[in-house]
Protein chains: 2
Amino acid sequence: MTSSTTSSTINGTTKTWQAIQAEVRKRINARLWKPGALIPHEADLALEFGCARATVNRALRGLAEEGLLTRQRRAGTRVALNPVRHARFEIPVIRSEIEGRGQSFGFAILKRETLVPPPDVRARLKTGAKVALLHLETLYTADGAPHVFEDRWINLAAVPSIDEETFVTISPNEWLVREVPFDGGDFTFSALAATSKQAALLACELGQGLLVLDRSTHNAQAVVTSVRLIFHAGYRMHTQI
Amino acid sequence: MTSSTTSSTINGTTKTWQAIQAEVRKRINARLWKPGALIPHEADLALEFGCARATVNRALRGLAEEGLLTRQRRAGTRVALNPVRHARFEIPVIRSEIEGRGQSFGFAILKRETLVPPPDVRARLKTGAKVALLHLETLYTADGAPHVFEDRWINLAAVPSIDEETFVTISPNEWLVREVPFDGGDFTFSALAATSKQAALLACELGQGLLVLDRSTHNAQAVVTSVRLIFHAGYRMHTQI
DNA sequence: ATTGCTATTATGTCTATACATATTAGCGAG
DNA sequence: CTCGCTAATATGTATAGACATAATAGCAAT
């Protein structure tokens, strides 16, 4: 029958943009297209794959975002010389992370005060020498065991409503994620050897290596909060690419 | 003067997908569209912004990839309940990282041997109990100072040509990135306190906290290599979102 | 040789239309 | 009330055609 409703209008195989991506990936891996080399331009590939240029564009754009290709107008598309790989870490809400492992989540506010912070914190939050900030120290636990110690400074000007929050039922971590929209931030991983205070808090030996994550988040107006998370000994932050 | 602009949106000149993204972001941040809420569907937005549905699709797809929106066929698009944020770390070639800071790069192969690895390495590389692997220990330096100690195991079956490489002019790190295509891998950050050996290698105090990055990379066939990088004391790995 | 214009070219984006596909809502039979 | 079918619907993808934009190459004038 001359039914025009059949799906595969294209001879041979239906070439979705994902199929094209896979094919391009294969050619790069097989060194058919070598690092640094120019690959055929979109129109040619569209012709070869029997699809529209927009479909090729969709495929190549994705690979460029991954860092596998570099593209430039007029100059064309080439295989990346140094395939800069990106590791994407999910930064979850602490409660979700713990409960996701089937453990019980808990937290305790160890300190809550409003004062002018030390210079390094002032620098991170870009606040003046006389501006008081909210300072919170919280210990998060998993199945009762110390999980992470959080040392947080909050810009009250950016989050005024936080004054009314007691943090009895919701942790500072979760409250901020839920209530404060933000545009960006920065993350820094580092390591330190446990001081006696940290060893006591996190129930580890004095001098053990601890993973540290410093994070500050900002919106369009100001730096909202800056936090240092010191994880329990042996904690590993994992991701796949 | 007169409050002339009652403009519902940016009209006229540019209604690019990026402008639409920005507008949607603004509405989410302004809580006009609250977390969990359904937003108008693509056709409606296209009508409102005066553009084609494909353009709206492009904008919303990007926001969904970021994790700010969740989209489902037939069900529509809603603002993500807990915006899982992603930190994207670039994993550069060590030489590029050092030279990018204007420092001089160097490396020294401390050990090169071929032997059956211990069980934990066997597990990571998924090799048999009798398969010998190439083991390399390398110290990378920046301006002559220790930068990172690399302890690497390489699956010879996956990278046979490595036997001929002397690593005199090119480091193992760079050689592998350049010569061995891979599909994926996983990363784990952790911390340890410097042992006396590590302290000597990295020129730091005994017991200092050191940042550790374990990485293994695989292609379609096998796990190609597994590496542990132990960074010098005080090293900070930074990224922005 | 250097500068400056212009034509060329490959990617970037937008449009209008069409069909595919997943998921839900509704309805009828058991 | 539940199961199973069908219709409705929002996103996902593909298409041809068009124009925009950046970067290059070539050529001309200084």
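Keep in mind the model is a prediction, meaning the values are calculated, not measured. Below, read A as the first sequence line, B as the second, and so on, with proteins coming before strands; counting in each chain starts at 1.
- We find that CG of B:Asn57 is positioned 14 Å from C1' of C:dT15, with the value rounded to whole Å.
- A residue-by-residue look at B:Ala54 and B:Pro40 shows that B:Pro40 has its nearest nucleotide of DNA chain D further toward the 5' end.
- Sequence order on DNA chain D of the closest nucleotides to A:Ala52 and B:Ile39 puts B:Ile39 first from the 5' end.
- One can place CZ of B:Arg78 at 17 Å from P of D:dT9, the figure rounded to the nearest angstrom.
- Between the C1' atom of C:dG12 and the CZ atom of A:Arg61 lies a distance of 9 Å, rounded to the nearest Å.
- Judged by atom type and distance alone, A:Arg53 reaches the base of C:dT13 through a side-chain donor-acceptor pair under 3.5 Å.
- To the nearest angstrom, P of C:dA16 lies 11 Å from CG of B:Leu47.
- Salt-bridge annotation for A:Arg61 and A:Glu66: absent, with no side-chain N of the basic residue lying under 4.0 Å from a carboxylate O of the acidic one.
- Rounding to the nearest 0.5 Å gives a distance of 13.0 Å between CZ of A:Arg215 and OG1 of B:Thr239.
- Taking only side-chain nitrogens and oxygens, B:Arg73 never comes nearer than 4.0 Å to OP1 or OP2 of C:dT24.
- Atom CZ in A:Arg58 sits roughly 13 Å away from atom C1' in D:dT11 (whole-Å rounding).
- The only member of B:Asn155, B:Leu125, B:Asp214 that meets side-chain contact (heavy atoms from CB on, under 4.5 Å) when paired with B:Ser226 is B:Leu125.
- Under the 6.0 Å cut-off for aromatic ring centres, B:Phe231 and B:Phe149 do not qualify, their centroids lying 6.0 Å or more apart.
- An OP1 or OP2 oxygen of D:dT15 is reached within less than 4.0 angstrom by a side-chain nitrogen or oxygen of A:Thr55.
- When each of C:dT21, C:dG12, C:dT13 is scored by its nearest atom to the side-chain atoms of B:Thr16, the top-ranked nucleotide is C:dT13.
- Rounded to an integer number of Å, the gap from B:Leu38 CG to D:dT9 P is 14 Å.
- One interatomic measurement links the two molecules: CZ of B:Phe49 to C1' of C:dT13, which rounds to 17 Å at whole-angstrom precision.
- In the interface, the side chain of B:Arg74 is paired with the base of D:dA8 through a donor and an acceptor atom under 3.5 Å apart.
- We find that CG of B:Leu63 is positioned 13 Å from P of D:dT11, with the value rounded to whole Å.
- Remark: A:Thr77 is not in phosphate contact with C:dA10, judged by side-chain N or O atoms under 4.0 Å from OP1 or OP2.
- Between the OG atom of A:Ser216 and the CG atom of A:Asp186 there is a distance of 4.0 Å, given to the nearest 0.5 Å.
- Contact annotation: B:Gln18 reaches the phosphate of C:dT13 (side-chain N/O to OP1 or OP2, under 4.0 Å).
- Distances from the side chain of A:His41 to the nucleotides C:dT11, D:dT13, D:dA14 place C:dT11 closest.
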